[in-house]
Amino acid sequence: MSYPIISADSHITETTDTYARYIDARYRDDAPFVVEENDSVAFNIKGMGTIAIGGAAAAGIAPAERKKAMRRYLDLHRGGWDSSHRLADQDRDGVSAEVIYPTVGMILCNHPDLDYKDACFKAYNRWLGDYCDFDRSRLLGMGQTAMKTPQAGIEDIASIKAQGLRGIMMPGVPGIEDYDSPVYDDFWAAAVESGLPIAFHIIAAGGFTPPVRGSKINTFMNHVRGVQDILGMLIFGGVFERHPGLRIVCVEGDGGWIAHYAHKIDRAYTEHRHHLPTGDLRQMPSHYLFENLYFTFQDDPLAFRNADLVNWRRLLWANDFPHSDSTWPTSQSLLEQHTRFVTAEQKQAILSGNAAELFGIDLAALGQKHAA
């Protein structure tokens, strides 16, 4: 049986118009904008300074060549901001549809000004809706919320759903208290009722500029720890017990570590819950990890090798286009190697069926294009 391949985590590359054209008039003069200086592409963000983004659109370029090749905005993949070119990028990689996240918007998740962040995200959602209009069956946008308050988050869910976007991308830190607090129960209930999954993406989930020991490259290792902190908080905080239908995606955090993490949280609960404050759970922590949480990954052969040790119905492959970590345009040759470790049923689920179920993707609308 053939099926279309879906990337459960791809990205756009924002332009100046993404914010300035769509943002509330009060913030137009302060909207994030593209700058080209010192042979580098960057975004100027009020309150955060200048953030280089060239490497965030370096898919398909050899690592040693990226800095030289990404000097101007027009050097970046045009499909990142022009959806009329995006389907050709999908075709080249053998992908039929992409769940699309932001680039600059990940960094904005860590902005300290909640009102400014909220204005930027509302502008982004409007822009993204227009971007996806080119082909809603293949371009599946994830809206953003600033989570100023639980009620503001509920309003954002309604707005994001009304715009035809496929899920809600969260900042790592909300405006009040934390996500395991009962004050968020109405928000989680609204998310379940909407049918839209909630997503925590690395970098956006916190730890964008954490303290790092040794070489700066060690910062790269902090990204997974950031999302793990959130997952553990939600599990031990009983969020999934109170909202068993809640579906949360750990985006770009890889999947090879899940089996060990499941063992670790169960052991922590068994051995230490009596002297480390936590509530009693009706199930072991790993139950919620395997049932309520989904995980995207791109170049992670261990996610396939360990599929039988976890709930493989919650694993989602992605190509991360157009970011530097992307497997584009050679995803198919990589998948040929990595999927040797799974059954045909597991392969179809991880490359297609799991994402289709989670995001409400109409596989029939995609046809048999790029069938695996």
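Starting from 1, each residue takes its place in the sequence as its number.
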Engineer: Kindly write out the residues that satisfy salt bridge (charged side-chain N to carboxylate O under 4.0 Å, His left out) with Glu36, not counting sequence neighbours, or none if the list is empty.
Structural biologist: Arg72

Engineer: What residues form a salt bridge (charged side-chain N to carboxylate O under 4.0 Å, His left out) with Glu193, not counting sequence neighbours?
Structural biologist: none

Engineer: Are Asp325 and Asp299 packed together at the side-chain level, in the sense that at least one heavy-atom pair is separated by less than 4.5 angstrom?
Structural biologist: no

Engineer: When you measure from the side chain of Thr270 to the backbone of Arg267, do you find a donor-acceptor pair of N or O atoms at a distance under 3.5 Å?
Structural biologist: no

Engineer: Determine yes or no for a side-chain-to-main-chain donor-acceptor pair under 3.5 angstrom, with Asn311 supplying the side chain and Arg313 the backbone.
Structural biologist: yes

Engineer: Is a side-chain donor-acceptor pair under 3.5 Å present for Tyr27 with Asp115?
Structural biologist: no

Engineer: Report, as yes or no, whether the 6.0 Å neighbourhood of atom CZ on Arg273 holds more than 12 heavy atoms from other residues, nucleotides or ligands.
Structural biologist: yes

Engineer: I'd like to know if the side chain of Asn125 and the backbone of Gln144 have a donor-acceptor N/O pair within less than 3.5 Å.
Structural biologist: yes

Engineer: Is there any side-chain hydrogen bond (donor to acceptor under 3.5 Å, both in side chains) pair reaching into residues 55-68, and which pairs are they, with sequence neighbours excluded?
Structural biologist: Glu65-Lys68

Engineer: Using distance alone, with no hydrogens and no angle criterion, decide if Thr13 and His77 have a side-chain donor and acceptor under 3.5 Å apart.
Structural biologist: no

Engineer: Output all residues satisfying salt bridge (charged side-chain N to carboxylate O under 4.0 Å, His left out) with Arg242, sequence neighbours left out; order by chain, then residue number.
Structural biologist: Asp185

Engineer: Closer than 4.0 angstrom, basic N to acidic O: yes or no for Arg78 and Asp82?
Structural biologist: yes

Engineer: Using only atom types and a distance under 3.5 Å, with no angle test, would you say the side chain of Asp9 pairs donor to acceptor with the backbone of Ala318?
Structural biologist: no

Engineer: Identify, with sequence neighbours excluded, every residue that meets side-chain hydrogen bond (donor to acceptor under 3.5 Å, both in side chains) alongside Ser83.
Structural biologist: none

Engineer: Can you confirm whether the side chains of Asn319 and Thr327 place a donor and an acceptor under 3.5 Å from each other?
Structural biologist: no

Engineer: In a table with atom names and distances, give each donor-acceptor pair under 3.5 Å that connects a side chain of residues 224-241 to protein atoms at least two apart or in another chain.
Structural biologist:
{"from": "Arg225", "atom 1": "NH2", "to": "Asn222", "atom 2": "OD1", "distance (Å)": "2.0"}
{"from": "Glu241", "atom 1": "OE2", "to": "Arg282", "atom 2": "N", "distance (Å)": "2.2"}
{"from": "Glu241", "atom 1": "OE2", "to": "Tyr288", "atom 2": "OH", "distance (Å)": "2.5"}

Engineer: Begin from the C-alpha positions of Arg138 and Asp91 and carry the test salt bridge (charged side-chain N to carboxylate O under 4.0 Å, His left out) through to its verdict.
Structural biologist: CA-CA 11 Å; Arg138 298 182 66 179; Asp91 293 345; 2.9 Å; yes

Engineer: Establish, from distance only, whether the side-chain atoms of Ser40 and Asn38 form a donor-acceptor pair under 3.5 Å.
Structural biologist: no

Engineer: Parallel, tilted or perpendicular, judged at 30° and 60°: which one describes the rings of His275 and His272?
Structural biologist: perpendicular

Engineer: Do Arg92 and Trp328 come within less than 4.5 Å of each other through their side chains, counting heavy atoms only?
Structural biologist: yes

Engineer: Could you check whether atom CD of Glu336 has more than 12 heavy atoms from other residues, nucleotides or ligands sitting under 6.0 Å from it?
Structural biologist: no

Engineer: Do the side chain of His111 and the main chain of Asp113 share a donor and acceptor less than 3.5 angstrom apart?
Structural biologist: yes

Engineer: Restricting to salt bridge (charged side-chain N to carboxylate O under 4.0 Å, His left out), what partner residues turn up for Arg136, sequence neighbours left out?
Structural biologist: Asp133

Engineer: Are Arg247 and Glu357 within salt-bridge range, i.e. N to O under 4.0 Å?
Structural biologist: yes

Engineer: Donor-acceptor check, side chain of Trp312 to backbone of Asn306, threshold 3.5 angstrom: yes or no?
Structural biologist: no

Engineer: My understanding is that only residues two or more places apart in sequence, or in another chain, count here; which of them pass side chain to side chain contact (heavy atoms under 4.5 Å, CB included) with Thr343?
Structural biologist: Glu345, Gln346

Engineer: Taking everything shown except Ile217 itself, do over 12 heavy atoms lie less than 6.0 Å from its CD1?
Structural biologist: no

Engineer: Might you work through the side chain to side chain contact (heavy atoms under 4.5 Å, CB included) test for Trp257 and Val310, ending with a clear yes or no?
Structural biologist: CA-CA 10 Å; Trp257 53 269; Val310 302; over 6 Å; no

Engineer: Aromatic contact between His11 and Phe321, with the criterion being ring centroids under 6.0 Å apart: yes or no?
Structural biologist: no

Engineer: Hey, does Tyr269 have a side-chain heavy atom less than 4.5 Å from the side chain of Asp280?
Structural biologist: yes

Engineer: Under the side-chain hydrogen bond (donor to acceptor under 3.5 Å, both in side chains) rule, collect the residues that match up with Tyr124, sequence neighbours excluded.
Structural biologist: none

Engineer: In terms of hydrophobic clustering (I, L, V, M, F, W, Y; side-chain heavy atoms under 4.5 Å; direct or indirect links), are Trp127 and Phe134 co-clustered?
Structural biologist: yes

Engineer: With distance as the sole criterion, is a donor-acceptor pair present between the side chains of Glu155 and Ser159 under 3.5 Å?
Structural biologist: no

Engineer: May I ask you to check whether Phe297 and Phe304 place their ring centers less than 6.0 Å from one another?
Structural biologist: yes

Engineer: Could you tell me whether the side chain of Ser352 and the main chain of Pro4 form a donor-acceptor pair under 3.5 Å?
Structural biologist: yes

Engineer: Is it the case that atom CG in Asp186 sees more than 12 heavy atoms from other parts of the structure closer than 6.0 Å?
Structural biologist: no

Engineer: Using the side-chain hydrogen bond (donor to acceptor under 3.5 Å, both in side chains) criterion, which residues pair with Glu98? Sequence neighbours excluded.
Structural biologist: Ser10, Arg86, Gln90

Engineer: Do Val251 and Ile202 come close enough that some side-chain heavy atom pair is under 4.5 Å?
Structural biologist: no

Engineer: Yes or no on side chain to side chain contact (heavy atoms under 4.5 Å, CB included) for Arg314 and Asn354, after CA distance, side-chain angles and deciding distance?
Structural biologist: CA-CA 7 Å; Arg314 302 294 184 262; Asn354 294 348; over 6 Å; no

Engineer: State whether Tyr22 and Arg126 meet the cation-pi test: NZ (Lys) or CZ (Arg) under 6.0 Å from the six-membered ring centroid, and within 45° of the perpendicular axis.
Structural biologist: no

Engineer: Restricting to side-chain hydrogen bond (donor to acceptor under 3.5 Å, both in side chains), what partner residues turn up for Asp89, sequence neighbours left out?
Structural biologist: none

Engineer: Give a yes or no answer on whether the side chain of Thr339 reaches the backbone of Leu335 with a donor-acceptor pair at less than 3.5 Å.
Structural biologist: yes

Engineer: In Å, rounded to the nearest 0.5 Å, how long is the span from NZ of Lys122 to CD1 of Ile160?
Structural biologist: 8.5 Å

Engineer: Roughly how far, to the nearest 0.5 Å, is the OH atom of Tyr116 from the CD1 atom of Ile23?
Structural biologist: 6.0 Å

Engineer: Just by modelled atom types, is the Ser194 backbone N or O under 3.5 Å from a matching donor or acceptor in the Lys161 side chain?
Structural biologist: yes

Engineer: Assess whether side-chain hydrogen bond (donor to acceptor under 3.5 Å, both in side chains) is satisfied between Ser137 and Asp135, documenting all intermediate values.
Structural biologist: CA-CA 5 Å; Ser137 69; Asp135 189 334; 2.6 Å; yes

Engineer: Scan residues 28-73 for pairs that pass ring pair (Phe, Tyr, Trp, His ring centres under 6.0 Å), counting only residues two or more places apart or in two chains.
Structural biologist: Tyr73-Trp81

Engineer: Ignoring hydrogens and angles, tell me if any N or O in the side chain of Asp300 forms a donor-acceptor pair with the backbone of Leu302 under 3.5 Å.
Structural biologist: yes

Engineer: Yes or no on side chain to side chain contact (heavy atoms under 4.5 Å, CB included) for Tyr179 and Phe187, after CA distance, side-chain angles and deciding distance?
Structural biologist: CA-CA 10 Å; Tyr179 290 122; Phe187 172 79; 5.6 Å; no

Engineer: After noting the C-alpha distance and the side-chain angles of Ile350 and Leu316, does the key distance pass the side chain to side chain contact (heavy atoms under 4.5 Å, CB included) rule?
Structural biologist: CA-CA 5 Å; Ile350 296 168; Leu316 310 166; over 6 Å; no

Engineer: When you compare the side chains of Thr18 and Glu14, does any donor N or O come within less than 3.5 Å of an acceptor on the partner?
Structural biologist: no

